[in-house]
Protein chains: 2
Amino acid sequence: MTTQKPYRAPVLADVAREARVSVPTVSRVLNGSKYVAPELAQRVQRAVESLGYRPNEAARSMRSGRRTLVSVLSGATANYGYARTLQGIETAARRAGMSVTITMVESGEDDDVKRAVDLALAHPTAGAVVLEFDRAGINARHMLPEGLPVVVAGGGSRRTGGIPAALIDERTAARQATDYLLRLGHECVHHIAGPTAGKHSGRTEGWRAALTDAGITVPTIMNAEWDAASGYRWGERIAGRDDVTAVLCGNDEIAIGLMRALADRGVRVPQDVSVVGFDDQPLVAMWQPSLTTVDQDFEDLGARAFGLLERLVAGDGSATSSVVVPQLVVRESTAPPRG
Amino acid sequence: MTTQKPYRAPVLADVAREARVSVPTVSRVLNGSKYVAPELAQRVQRAVESLGYRPNEAARSMRSGRRTLVSVLSGATANYGYARTLQGIETAARRAGMSVTITMVESGEDDDVKRAVDLALAHPTAGAVVLEFDRAGINARHMLPEGLPVVVAGGGSRRTGGIPAALIDERTAARQATDYLLRLGHECVHHIAGPTAGKHSGRTEGWRAALTDAGITVPTIMNAEWDAASGYRWGERIAGRDDVTAVLCGNDEIAIGLMRALADRGVRVPQDVSVVGFDDQPLVAMWQPSLTTVDQDFEDLGARAFGLLERLVAGDGSATSSVVVPQLVVRESTAPPRG
DNA sequence: CCTGTGTAGGATAACGATATCCCGCGAGGG
DNA sequence: CCCTCGCGGGATATCGTTATCCTACACAGG
């Protein structure tokens, strides 16, 4: 059993020794300063290659003040939307030569939020992206220190307190989805909302606005979790009601759960009830019936959020929120009401 | 327009000044050294609170050699399995007081892999977790420097070259799933495999082994991408064949796509064809018919991977691979063959 | 009184990089 | 011949922290 000697990455001094130059000269070569003789530069390059030298960003940023780390704060979930947004941020950051740390906020409780923020900022960070799809994210934003570059990524129409945000205008999308159902001839559209702790989400607000504008009495909101089981439970109750002919769901999971419960009770979608989801997860197009839903480009959302942060870090005060209106994708789960 | 003065986080010296002690004393207080008078300690604590001081991990680790950053290398995807595994790693790391950076490897090409590894190790890292579900991950592992603590997380039965690994024994699971279908009375089980670049995945190997052991001629493997569209295309072809009565799919997406194609052509699941998936994504239990599939605990996988890395970093050479056999979840998409 | 021991806490060096300073050198102008 | 100027590159300070060293003091034992 050989003892593994602990890993020691080569440092500038090792390169300098190997190339028989001083440490600052190596730095100059690596940072592309002029004023270095071509021959020395070549010796340095060779030494870098042969030793497999990799600059230490921590030391570099400590001295230079340039930071190459971006911190993402998100709710504690592997949800499709979160994962996709993170991917968008990471890809954009990687292309810009920045690394990404991810910290999950276990809940909206002060303790959890504080711990998460402390960990997220433990390593010196150029700025933070807060994924604000839930309470945990919102609370996290409020606990970030004054002056740190911060951007928000999330569903639109929420106040972000002067912080630049990349948004998806869920409100408009929900309104369009609701209008679409009304145009099909439904006299009312019901709504199953995800948990949002007090305030209503843009999805809920858009739905309400569409009904109000059409002069329709807004029915009671059905509150659910974001998961399919929760949608299923509402489906069990809706199956026994004649007055529900169209349902706008807070997300695709809820919609799928709802549809299964309806099917189990012999209620047909879309003949008896129309169902609309939110997110357009990859699988829902394969459903039977395939789900009419709102397509959200989360990857683009992440990329836009990172772009804003980049400008903010560069001191470009003109960085202003960007909003995208997602598109309704009409599939098989919606139809005119019977009779 | 007020000019925002750039963010300057308070440092130890600020705290020391505020508490009227020397810098090392503040450090001693924060690191819980004895030999500090209670009164001074209290002054320091107060100063820390009032300034909102947060230690700079980069500086700390530079001096002390203790690293609190873990790097995760993964394929460029927001797949359910990847996202879930990352969540498991992050949660375990957070509980251990470590931060996590995530770097995606765009492809298996040398260029992409090298760039990803460079970025992943740019900030000084205690070690790396490589998500090895695809070629990109495998290549990334080979490009990591000698001596860096590395663990692999992925599907079992692959060689990991002496590197500790947290594994899910896909081979055994696939074998069990295949055996189950044979016990139902199917004379053969067909298989749609995901892309694995040369080698076969544990899923494919387990399937083959089960058939071979049962003395059944192994049919041609159907090769697909990991997505539902790809499963759909195979479904179109299978619908015209009488000899296919049971299909083991490389993952749930493929299975769902397959089932939709079969349904579109009037082939009934499970009466005409039985279908088994892999992963047990949250939605597939709601399918019609609900999908029989292999439940993979990716979050646990991530937690185990981090645990291994932690021991490796601590110099515990006894860290040895851990393997979990996932369970087959029988639902509605499987049944005995007709007649 | 001298010495030894243990506590308390400041002074200083060091981690790996970059910014700044500064010196030597050769060319060009007065 | 002296002075300036541009280049090339080493010496040194510095970033925020912790490890090490060292001094000061109190107290006990001989």
Side-chain angles (χ1 to χ4, degrees), chain A residues 6-45 47-48 51-69 97 99 118 121-126 145, chain B residues 6-45 47-48 51-69 97 118 121-126:
Chain A
Y7 176 57
R8 245 266 307 165
V11 299
L12 264 197
D14 299 325
V15 177
R17 200 177 317 113
E18 175 88 5
R20 302 188 315 279
V21 296
S22 74
V23 167
T25 296
V26 180
S27 174
R28 273 188 278 261
V29 172
L30 292 174
N31 293 299
S33 149
K34 38 193 184 176
Y35 306 153
V36 182
E39 196 226 324
L40 284 202
Q42 209 183 25
R43 287 219 307 267
V44 168
Q45 286 296 359
V48 165
L51 294 178
Y53 170 78
R54 217 183 307 265
N56 179 330
E57 272 310 314
R60 189 177 254 190
S61 88
M62 180 154 128
R63 180 63 244 244
S64 73
R66 276 186 292 275
R67 274 128 185 239
T68 57
L69 202 54
S99 300
D118 281 347
L121 301 184
H123 293 83
T125 295
Chain B
Y7 176 57
R8 245 263 310 163
V11 298
L12 266 195
D14 299 323
V15 177
R17 198 175 319 113
E18 175 89 6
R20 301 188 315 279
V21 295
S22 73
V23 166
T25 296
V26 180
S27 173
R28 273 188 279 259
V29 172
L30 292 174
N31 293 297
S33 150
K34 37 189 186 181
Y35 306 151
V36 181
E39 197 227 324
L40 283 202
Q42 209 184 24
R43 287 220 306 267
V44 169
Q45 287 295 1
V48 165
L51 294 178
Y53 169 77
R54 212 182 312 256
N56 179 332
E57 272 309 316
R60 190 176 253 189
S61 89
M62 180 155 126
R63 176 66 243 235
S64 73
R66 278 186 292 275
R67 271 118 188 249
T68 58
L69 202 53
D118 281 348
L121 302 184
H123 292 83
T125 294

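Below, read A as the first sequence line, B as the second, and so on, with proteins coming before strands; counting in each chain starts at 1. What you are looking at is a predicted structure, and each value in this text was computed from that prediction instead of being measured.
Summarising the geometry of B:Y53 relative to B:L30, their closest heavy-atom pair is CE2-CD1, 3.6 Å, with the distance given to 0.1 Å. Contact detail for A:A13 and A:V23: the closest heavy-atom pair is CA-CG2, 3.9 Å. The nearest pair of heavy atoms linking B:A19 to B:A47 is CB-CB, 4.0 Å. Residues A:L69 and A:P124 approach most closely at CB-O, 3.7 Å, considering heavy atoms.
Side-chain contact between B:M62 and A:M62 is present, with heavy atoms from C-beta onward closer than 4.5 Å. Residues A:V29 and A:Q45 form a side-chain contact, since some pair of their non-hydrogen atoms from C-beta on lies under 4.5 Å apart.
Listed nucleotides D:dA19, D:dG16, D:dG9 differ in distance to A:V36; the shortest reach to its side chain belongs to D:dG9.
Distance, A:N56 CG to D:dC15 C1': 13 Å, rounded to whole Å. Rounded to a whole Å, the CE atom of B:M62 is 14 Å from the C1' atom of D:dA19. Taking atom CD of B:E57 as the reference point, atom C1' of D:dT18 lies 12 Å away to the nearest angstrom. For the pair B:D14 CG and D:dC15 P, the computed distance is 11 Å after rounding to whole Å. Separating the CZ atom of A:R60 from the P atom of D:dG16 is a distance of 18 Å, rounded to the nearest angstrom.
A donor-acceptor pair under 3.5 Å is absent between the side-chain atoms of A:N31 and the main chain of A:R28, judged by distance alone.
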Pairs under 3.5 Å (N/O, protein and nucleotides 4-6 of chain D):
none

* To do: Starting from the C-alpha separation in whole Å, work towards a yes-or-no answer on side chain to side chain contact (heavy atoms under 4.5 Å, CB included) for A:R8 and A:D14.
  => CA-CA 11 Å; A:R8 245 266 307 165; A:D14 299 325; 3.4 Å; yes
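In terms of position along DNA chain C, the nucleotide closest to A:A58 lies nearer the 5' end than the nucleotide closest to the other residue of the pair A:R66 and A:A58. The residue among B:P24 and B:A37 whose nearest nucleotide of DNA chain C is located toward the 5' end is B:A37. If B:R28 and B:A59 are placed on DNA chain D by their nearest nucleotide, the residue sitting closer to the 5' end is B:A59.
Contact of B:R63 with D:dT17 (side chain to base): no donor-acceptor pair of N or O atoms is detected under 3.5 Å.
Defined by atom type and a distance below 3.5 Å, a donor-acceptor pair is missing between the side-chain atoms of B:S61 and A:H123.
Heavy-atom contacts of chain A under 4.0 Å fall on DNA chain C between two terminal nucleotides, which in 5' to 3' order are C:dG16 to C:dT20.
Proximity of A:S22 to the phosphate of D:dG10: a side-chain N or O atom is located under 4.0 Å from OP1 or OP2.
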